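First comes the structure, then the notes that go with it.
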Amino acid sequence: MIAAAWVCLFSPLTAALAITLAGNRLSRRGAGFLATSSVVVSFVAAVVAFAVLLGDSPDDRSHPSTLWSWLTAGQLDFGLRILVDPLSTFMMLIVSGVGALIVAYSIGYMDGDDEERRYFAYMALFVFSMLLLVQGGNLLMLLAGWGLVGLSSYLLIGFWHERPSAIAAAKKAFVMNAVGDATMALALFLLIQRTGSLNFEVVFPQAGSLGGWAANLVALGLLGGAVAKSAQLPLQTWLPDAMEGPTPVSALIHAATMVTAGVYLIVRTSPLFEQAPRVLELSAGLGAATLLMAGLIALVQVDIKRVIAYSTMSQIGYMFLAAGLGAYPNAMFHLMTHAFFKALLFMAAGIVIHALLGEQDMRRMGGLRRLMPLTYVAFLVGALALAGMPPFSGFFSKDSILAAALDHGWYGDVLWVVGMIGTFLTGLYAFRMLFLVFWGEPSAFVREHFHALGRGVVAYSLAWPVGILTVLAAFGGFLQFADVWTPVSNWLDPVAPPLVEATGTQEAVSSIVAVALGLAGIGTAWWIYAARRAPVPRVAALQTLFEHKFYFDELYDAAFYRPAVFLAQALGRWVERPLVFGSVRELSEGVRGLGLETRRLQTGLVRTYALAIAASLAVVTVVFVAVR
Amino acid sequence: MNAGWLTTALILLPVAGAIVVWVLPMRPFAVGSTALLVALAEVALWVDAVARFDFDRPGLQLDQQQSWFSDLHVSYHVGFFGFSLWLVGLTVVVLAAATGYAFWAGRERPRAYYGLMLLLTGAIVGVFVAQDLLLFYVFWEAMLIPLYFLVGVWGGAGRLRATLLFVIYTMAGSLLMLAAIIVFGLSAGTFDLVNSSTSGSDWIFLGFVAAFAVKAPIFPLHAWLPEAYRESSPEVAAVLSGVVSKVAAFGFLRIAIAKFPGPVSDFRTPILVLAACGLVYGSLLAFRAPDLRGVIAYSSLAQLGLITLGLFAVNDLGLNGAVLQMVNHGLISATLFLLAGGIERRAATGELGRLGGMARGRPALATVLMTTGVIALAVPGSAAFAGEFAILAGVFNTGWGYSVVGAVAIVLAAMYVLRLISAVLHESPGPAVSEAALDLRPAELSVLVPMVAILLVLSAWPAAITERSFASTQATAISQLRRALSNVNGTPIGTARITFHPVHVASANNVARLCKEQPPSSDEVCLEVGSGYPGLSARLP
């Protein structure tokens, strides 16, 4: 099992290195197949680890393993260490499973790009980093994976590096994540000071003795990393821009895996968060606020990928809501179903974009239902799952989150209401997108530019992963059903026992209300965008507010970027220039003065020199004797 | 053969090489290849030294001592500690790369040039291994002479002003250090670093600190830095920022911190504050610098601030992190300066506004620059991250504010490095970048790839250095202390709280003196453990 876990971790890294070093000796398609097979190997290894772990008794499912000491200092020793336990295998399966499908899909999607090899090397690097993040056996390895997924994300968002917008988006994503990395590092420093270790099994038992403010600061630092990585308020602005990357990248990194890492972090470090209940509630509140805000912004987006991106932010908001209330299994379950249906939506959208030669503007689409019926079915399944319609996967996972919220006092009730509003918005924006793209008559643009996929490797590579994900998105929800059938909760229970437990009534009420509101959202979308019985409602002020994404970009620009630039310029002008040029002037004047003085000593008279030498000798002798 | 000769050979081999190059009338190609061979032989000697070094044994190793002025107790005394071994390794690798780069790029008056490079190698190695203060000073000054010519003769258009600033600044620092050395040596009765006791004199301490702070440089004594790094040839800039700055950091560690425990705690706050200021200041200026060299130069200022933070945290994390980061930054900035040289050759400018789009069709350049860049910005998981993490975790114990400043600097580092990478590699080609500009040539790759490879290995295993700088000495000392404690009053004692004096590198002779100066309280015992690891006191439970 330990060996399988290490194989799972290093297989993609090996592929990344091999593709980089092989260069042109490896064909483009060869690079794609190599990357895909390395991730498939990871998946198989993850399945093996899972199967072996299944054989252990539930209390004995935590197996750390250290390769070597990574960083040491005196008595401190942070190892290159992994932990195989129910939570990490759960994530390994999702990451490598969905990862394998998306990398395989990329073979078709990226076919013909100039730099396919670089793309697949980056993708393999990403899968390695993500696996390091979820397998890391101490907080330092987790942080290493955390930073490396940020790096891969930067590399892949900016993959088409000749586009200024792509490069700007990549830099923005990296810097915002660096803010999160920094707050996490500070939390780790405090933990090292208080507990002398970063290993989970050493730190967590001592969490209770951290003390109030230390526990709060640690939790806040970790939360900073989580919101940056998961694009939650207030560090959410990078995610929509990240859609500049190729679509499979959006599916893998910015939907299925990396952006959900914040949820994983909260669940993984739940013993620390539970010592800081206010911070835990704060994360639930941030999740709720994000899900509402992202849902509203999604209503006015016209770029198909950006709608899905905002819906990702919104869905991760649900997961933060759940994790913040202590409903860890519900959060992880929604993470899994979301990975299925969101990857599916992105990949189906990718096929649409591919068929329309790169067009992403929904206003130019329409009527694709008859031109690409299979894609339509896949997209429909994804949208229904997203909107939480039974029996699709999102129904089971989202409703269990909302039910759990009812078990958390008045605060939970408030969040429940927000989540319900979000359900309506989800139905609305998801089906607005579906109707705009697939319903109606084909637009002029579609008639002119549509080309069918044809047959061959490209088509198969695009179609098969989408097909598999369609099945998963449709039926993946049956893995857990309320409190009747709960394998996911049982599996995760030894790692993160939940703090809240919804009753049957709460489950039923939540399900009924959520489905009703979701249907209302879909109906509204149908009324406006499909049947076109009513004009699109417009409130100019709100429209502007949503289109400017609540002015966060402008705010951060004014609050952080401009002051930093101003400070740098001011320091350059008022400190650095005087310092450097001032020194030059003073020095040259000083040296000239010294030279003038020295010139007077050079009399040319031998007897003056002799006198000087003799005098110096005398002084040296006196000093020498005196000192001895 | 006595292993101590190996240390002497490491100093003498390049000096001998320099003399050969100067004396024998060789053709330019022969001169360059001779110099490169000597530089590579130096690397081989260093590898031999690593193989012979026993990392589990505390104290000075591969040492050699010959009396020089016996009445002043000045001697030729050289040897290695764990951390100096790594810094010498950095020196020989970077100098070999710089020589290789110069050989490929071609320099005028090659005999003089390579001779000076080899002389510089010997002098820097000498500083790292010298165990006598006067010897240290001799090597310190010997380092300045070749640098003076290398910047002043082979530099760019503004080289004279750059040289003037550099020489005057460092000379001023050196004179203060000379005064400090003389007073220290005469009052201690010996100039030997290993056998002299610690000193409590603030003035002597400040004399040393001044010299090191100028050389590093520490904000605000860095006025010479931007000019010197911009005007010298790329390989000399690589040596200046990669290695020469580490000599100053080494001085802080080996002399200022090890010999002046009292003044260190007195002046710790102002030094840490200046270091933190330099860290932010350098990062901000790097973000606005208009050219390649400017970004690397100011980031170097920031990194030296960071290293100083780690050193003056004076705890395990800080010191280990600082040594690791010295090696990391040495390799990173040397690689970046050599890359900048390669880019400037192709575009005839280093102005960021005129570059761009070089990734297209130049995969080797893009890969090397991207890899070095992301390590430079300390992406978590990289060697530089390990160093920065340890440093900031160490200084967190001194004051959390320094770590917060350091965390801000991490974000700024991401900003300026990404700006540099994008300005060179991304978007559409700049006006100075022609289609014909080639990818990195095999010769350039053969210089750069080894350094990047070392950085990657260190990223996988930073403990290779942190485990072998001080840690083994501590482990040994602790085990000896435990053993000794178990015999106090004839009864074994289960656990003992062990406090370490921050002096890591003085000698056993000091322990008795330290114990006399600071008598242990009634529940403490003062023990002499091993050689080379003094200042242990153990508190009985």
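What you see is a predicted model, and the numbers here were worked out from it, not measured in a lab. A note on names: the letters A, B, ... follow the listed sequences, proteins ahead of strands, and every chain is numbered from 1.
Looking at A/T183, there are no atoms closer than 4.5 Å to chain B (heavy atoms on both sides), in backbone or side chain. Residue A/W146: no heavy atom, backbone or side chain, is found under 4.5 Å from chain B. Contact annotation for B/P462: both backbone and side-chain heavy atoms come within less than 4.5 Å of a heavy atom of chain A. Looking at A/F560, there are no atoms closer than 4.5 Å to chain B (heavy atoms on both sides), in backbone or side chain. Contact of A/L76 with chain B is made through the side chain alone, with heavy-atom distances under 4.5 Å. Using a 4.5 Å cut-off between heavy atoms, B/P226 touches chain A through its side chain atoms alone. In this structure, chain A has a heavy atom under 4.5 Å from the side chain of B/F385, while its backbone stays farther away. Contacts between B/S403 and chain A at a heavy-atom distance below 4.5 Å involve backbone atoms as well as side-chain atoms. Looking at A/I192, only its side chain comes within 4.5 Å of chain B, counting heavy atoms on both sides. Contact of B/I421 with chain A is made through the side chain alone, with heavy-atom distances under 4.5 Å.
Here the options are A/L67, A/V127, A/L131, the test is side chain to side chain contact (heavy atoms under 4.5 Å, CB included), and the partner is A/L9; only A/L131 passes. For the side chain to side chain contact (heavy atoms under 4.5 Å, CB included) with A/L210, the qualifying choice from A/L217, A/V203, A/L191, A/L190 is A/L191, the only one to do so.
Aromatic pair A/F189/B/F389: centroids less than 6.0 angstrom apart. Taking the ring centroids of A/F78 and A/W70, they lie at or beyond the 6.0 Å cut-off. Aromatic rings from B/Y169 and B/H222 are positioned such that their centres are separated by 6.0 Å or more.
Under a 4.0 Å N-O distance rule, the pair A/R28/A/D113 does not qualify as a salt bridge.
Ranked by heavy-atom pairs under 4.5 Å with chain B, the first of A/V565, A/D181, A/L567 is A/V565. By number of non-hydrogen pairs under 4.5 angstrom with chain A, the leading residue of B/A289, B/A366, B/A460, B/G357 is B/A460. Of the residues considered (B/R419, B/M415, B/E427), B/E427 shows the highest number of contacts with chain A, using heavy-atom pairs under 4.5 Å. Contact count versus chain A (heavy atoms, under 4.5 Å) is highest, among B/V404, B/L324, B/L392, for B/L392. Highest contact tally toward chain A, considering only B/W400, B/Y298, B/W224, is held by B/Y298 [criterion: heavy-atom pairs under 4.5 Å].
For the salt bridge (charged side-chain N to carboxylate O under 4.0 Å, His left out) condition, the pairs that include at least one residue of residues 66-82 of chain A, sequence neighbours left out, are A/R81-A/E201.
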>> Determine whether B/E227 and B/F166 satisfy the following criterion, side chain to side chain contact (heavy atoms under 4.5 Å, CB included), listing intermediate values before the conclusion.
In response: CA-CA 8 Å; B/E227 300 288 309; B/F166 175 62; over 6 Å; no
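Side-chain atoms of B/S382 and B/S459 include no donor-acceptor pair closer than 3.5 Å.
Within residues 148-170 of chain A, the residues having any heavy atom less than 4.5 Å from a heavy atom of chain B are, in residue-number order, A/L148, A/L151, A/Y154, A/L155, A/H161, A/E162, A/P164, A/I167.
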